[in-house]
S.K.: 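The structure's right below; bear with me while I get my questions together.
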Protein chains: 2
Amino acid sequence: MKTVTMADVAKHANVSKSTISQYLNKRFDYMSEDTKNRIEETIRFLDYRPNILARSLKQKSTTTIGVIVANILHTFSSQIIRTVEDVCNETDFHVMVCNADDDPVKEKKYIEMLRAKQVDGIILLPTGINVELYKEMALNKYPVVFVDRTVPGVQIPSVLLDNEKAGEIAVQHFINNGFERIGIITNIIKNVTPRKERVKGYKEALLKNGFAIRDEYIKNLEVSNVQKGLEEMMALPEPPQAILAGNDLVLIEILKHIKKQNIRIPNDLAVVGIDEVSFSTFYEPGLTIIEQPAIEIGKKAAELLLNKIQTKDFESETAVYRYDPKMVVRESSNRIMSDEESQKLT
Amino acid sequence: MKTVTMADVAKHANVSKSTISQYLNKRFDYMSEDTKNRIEETIRFLDYRPNILARSLKQKSTTTIGVIVANILHTFSSQIIRTVEDVCNETDFHVMVCNADDDPVKEKKYIEMLRAKQVDGIILLPTGINVELYKEMALNKYPVVFVDRTVPGVQIPSVLLDNEKAGEIAVQHFINNGFERIGIITNIIKNVTPRKERVKGYKEALLKNGFAIRDEYIKNLEVSNVQKGLEEMMALPEPPQAILAGNDLVLIEILKHIKKQNIRIPNDLAVVGIDEVSFSTFYEPGLTIIEQPAIEIGKKAAELLLNKIQTKDFESETAVYRYDPKMVVRESSNRIMSDEESQKLT
DNA sequence: GTGAAAGCGCTAACAT
DNA sequence: ATGTTAGCGCTTTCAC
């Protein structure tokens, strides 16, 4: 591929490079119609395409941001990416997508590569582990926005689900439906806040309704122990009638157990899950899901980041933006998309 | 953010920039242990991070590729992105993701921006419209790989579903289940091959089984006319017992109609859809889906492109790689993910 | 073994 | 109105 540069255009059009540069940057104030036309013509004639890399080197801005998610296959992540891309597109920014698989090593590598490639900012679904790195970025005023999780002690703004409210809503839903003995199973995640907040919401809602908090109904387990933990809970003299799954991984385990034992939802056991992954994939009727408003979250995160970048206001801040959960009951499996839903997909 | 450059490191370490460059590129052959250590120390001390942009400008390679999909929310697209990213990660390439919404104008803009940003190649789910642009890229030996569709007359390799086989499998499935009067509805898509191939497969399978091809059972419609077209077909003196939906959009329309009329699948009407979108989202029991092997397709596309880039073999070629469809019957809605499936998500 | 210098393609301050 | 010039941060050839 022949590579035509500004110098070539300048020569052919009998002007200097700076004039071409002016032209490209639409500074026509002091440019004669004549040269303007001549340049335009030459550009077309030579099929000249500016090299944005060179510009970026000079301008110290690549109009590119990075998005690091845990897993693109999760609907939450793909909705975030989609929305971020949409917002970026409005100002001709581009998006570099990275899959960190919730692996701190990969996360670190990606952050470093993205910075080496001079992206103007990063939207990060943090593993929560690379605290020193997060802090260093905040310290150096590198534009970063966290999504889905906050990391305590790190001066980086976060956009996420109102996890406390999610816990509350779930419990309230159980109570409204006549369930009184309500358990919660979460899984062990380090250094990241949502789990605790969900448990807090769970407790608050119980208290608000005048129910006692029973420690034997609250378990925080490794994913591999969830099934066992659930069995134990169900073997209590007074087993819970309803279970709140603290996140997607826990829900998967609970559903597996239910399937194995031929338990029916919600009659034998009511279940609510707080969603991060594509639960459309296992469409258990009767199951209730608390969904993340991914679109709103992604939009806010992108706007925050782009605003930081464009206003060059890189002051680190610790603002946390929380968005309301949406409760969805899988009424029956025999559901077909609403028009609205199908439109989103097409 | 203080920006440390190679020159700073050179000065502090009392060597020249070129020596630093050697160091960074791991050309230690002629470097004394002493300077090597000194450089290493200085780099750490100054917290120096190479600017890959500057390197890219010089080397004319950004180790970044672009992926332009129709809609990230479609599982097909996100699987492609996921796989491409995985493959790229192995050789430290990065992926710029763009959502063209199947809009030729957006597609063109993205292609031009990606090229201006000097990405080393593009994986493109083509709208099929910007033929001149595709041709120009092929002519200039710009590395591009098409996914999901081929564009006739354009010298760019494609990786896609074996659409003919998909049509055949669907029809064979109907026939094996005792259905003889089989219709097909496709929607009008310009300048792109899959639709025709699916119809071809449909016809071949009928003939192979000794059934006649009935023109009144074959419709190619605008999406907005699918419901009407289906009604007409069902109003025939001998209505079809089974319908093959040519793609996702058609399937959505057919399912809406079915829901409205309270038709049961497959007893009242058997339906097979060829999938591109997330059909897990409407989990109609009894529905049969022919899925694209997105992982294989994405992997092949990424490997093809990276290979072109790394071997600098930019000869345009028109190879078409077709992958076998996978048939999935939605046996019952009451399905929970298999372990294998749930693993993919976590 | 290491350094000097030219250059990648562009921008922008300053001249003219 | 347009040109001159000095970079941006790196790589690479060729000297020493």
Side-chain angles (χ1 to χ4, degrees), chain A residues 1-40 42-43 46-64 112-120, chain B residues 1-40 42-43 46-64 112-120:
Chain A
M1 180 161 169
K2 68 198 180 227
T3 162
V4 182
T5 78
M6 222 170 72
D8 299 325
V9 181
K11 206 189 308 169
H12 281 250
N14 268 313
V15 291
S16 77
K17 287 198 296 170
S18 41
T19 310
I20 307 291
S21 180
Q22 304 281 27
Y23 174 88
L24 291 174
N25 293 290
K26 305 195 194 304
R27 300 272 323 151
F28 299 131
D29 312 18
Y30 299 98
M31 198 178 296
S32 71
E33 272 301 307
D34 182 50
T35 42
K36 186 171 156 184
N37 293 144
R38 204 143 29 85
I39 292 174
E40 191 172 343
T42 316
I43 286 182
L46 295 178
D47 192 25
Y48 165 68
R49 304 149 183 280
N51 179 333
I52 295 192
L53 222 57
R55 171 191 298 178
S56 295
L57 179 59
K58 183 79 195 178
Q59 295 195 156
K60 296 171 169 335
S61 157
T62 51
T63 56
T64 300
E112 282 171 354
M113 284 307 296
L114 287 174
R115 289 220 275 171
K117 287 195 175 174
Q118 313 297 115
V119 302
D120 294 341
Chain B
M1 178 160 169
K2 61 185 189 242
T3 161
V4 182
T5 78
M6 223 170 72
D8 299 326
V9 181
K11 207 191 305 171
H12 281 249
N14 268 313
V15 291
S16 76
K17 288 199 296 170
S18 37
T19 309
I20 308 291
S21 179
Q22 304 284 25
Y23 174 89
L24 291 175
N25 293 290
K26 305 195 193 305
R27 300 273 323 153
F28 299 132
D29 312 18
Y30 297 97
M31 198 177 298
S32 70
E33 271 302 306
D34 182 49
T35 41
K36 185 172 156 182
N37 293 144
R38 203 142 29 84
I39 292 175
E40 189 171 344
T42 315
I43 286 181
L46 296 179
D47 193 25
Y48 165 68
R49 303 149 183 281
N51 179 333
I52 294 192
L53 222 55
R55 170 190 298 179
S56 294
L57 179 59
K58 186 77 192 177
Q59 293 194 155
K60 298 173 169 334
S61 156
T62 52
T63 57
T64 300
E112 281 170 355
M113 285 306 297
L114 287 174
R115 288 219 275 172
K117 287 195 173 171
Q118 312 299 115
V119 302
D120 294 341

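Lettering follows sequence order; numbering is per chain, from 1.
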S.K.: Send over the distance from A:D8 CG to C:dC10 C1', rounded to a whole Å.
M.R.: 13 Å
S.K.: Check this for me, if you would: do B:D34 and B:K36 make a salt bridge, where the nitrogen-to-carboxylate-oxygen distance has to be below 4.0 angstrom?
M.R.: no
S.K.: Roughly how many Å is it from CZ in A:R27 to P in C:dA12, rounded to a whole number?
M.R.: 10 Å
S.K.: Rounded off to whole Å, could you give me the CE-to-P distance for the B:M6 and D:dC8 pair?
M.R.: 13 Å
S.K.: State which of D:dT2, C:dC10, D:dG3 makes the closest approach to the side chain of A:S18.
M.R.: D:dG3
S.K.: Tell me whether the OP1 or OP2 atom of C:dG9 has a side-chain N or O from A:T5 closer than 4.0 Å.
M.R.: no
S.K.: Round to a whole Å and report the spacing from NZ of B:K17 to P of D:dT12.
M.R.: 13 Å
S.K.: May I ask you to verify whether the side chain of B:S32 and the base of C:dG1 hold a donor-acceptor pair under 3.5 Å?
M.R.: no
S.K.: Between P on C:dC10 and CG on B:L53, what's the gap in Å once rounded to a whole number?
M.R.: 13 Å
S.K.: Just wondering, do B:T64 and B:D120 contact through their side chains at under 4.5 Å, heavy atoms?
M.R.: no
S.K.: Tell me which nucleotide among D:dT11, D:dG9, C:dG1 gets nearest to the side chain of B:Y30.
M.R.: C:dG1
S.K.: CD1 of A:I52 versus P of C:dC10: gap in Å, rounded?
M.R.: 10 Å
S.K.: Examine the side chains of B:K117 and B:T62 and answer whether a donor and an acceptor come within less than 3.5 Å of each other.
M.R.: no
S.K.: Between D:dG9, D:dT11, D:dT2, which nucleotide has the shortest distance from any of its atoms to the side chain of A:T35?
M.R.: D:dT2
S.K.: Any N or O donor-acceptor pair linking the side chain of A:K58 to the base of D:dG7 at under 3.5 Å?
M.R.: yes
S.K.: Please round to the nearest 0.5 Å and tell me the distance separating atom CD1 of B:I52 and atom OG1 of B:T63.
M.R.: 6.0 Å
S.K.: Over all strands shown, is B:M31 touching base, sugar-phosphate only, or nothing at heavy-atom distances under 4.0 angstrom?
M.R.: sugar-phosphate
S.K.: What is the nucleic acid contact for A:N14, judged by heavy atoms within less than 4.0 Å: base, sugar-phosphate only, or nothing?
M.R.: sugar-phosphate
S.K.: Check every strand shown and say whether A:Y23 touches a base, only sugar-phosphate, or nothing at a heavy-atom separation below 4.0 Å.
M.R.: nothing
S.K.: Provide, to the nearest angstrom, the distance between the CD atom belonging to A:Q22 and the C1' atom belonging to C:dA13.
M.R.: 11 Å
S.K.: Whether B:T19 contacts C:dG3 is assessed here as follows: a side-chain N or O lying under 4.0 Å from the phosphate OP1 or OP2. Is that the case?
M.R.: yes
S.K.: Between C:dG9, D:dC8, C:dG1, spot the one nearest the side chain of A:K60, thanks.
M.R.: D:dC8
S.K.: Starting from the C-alpha separation in whole Å, work towards a yes-or-no answer on side-chain hydrogen bond (donor to acceptor under 3.5 Å, both in side chains) for B:T35 and B:S32.
M.R.: CA-CA 6 Å; B:T35 41; B:S32 70; 2.8 Å; yes
S.K.: When the distance from CD1 of A:I39 to P of D:dA1 is rounded to whole Å, what number comes out?
M.R.: 14 Å
S.K.: If you check every side-chain atom of B:N51, which of D:dC10, D:dT2, C:dG9 has the closest atom?
M.R.: D:dC10
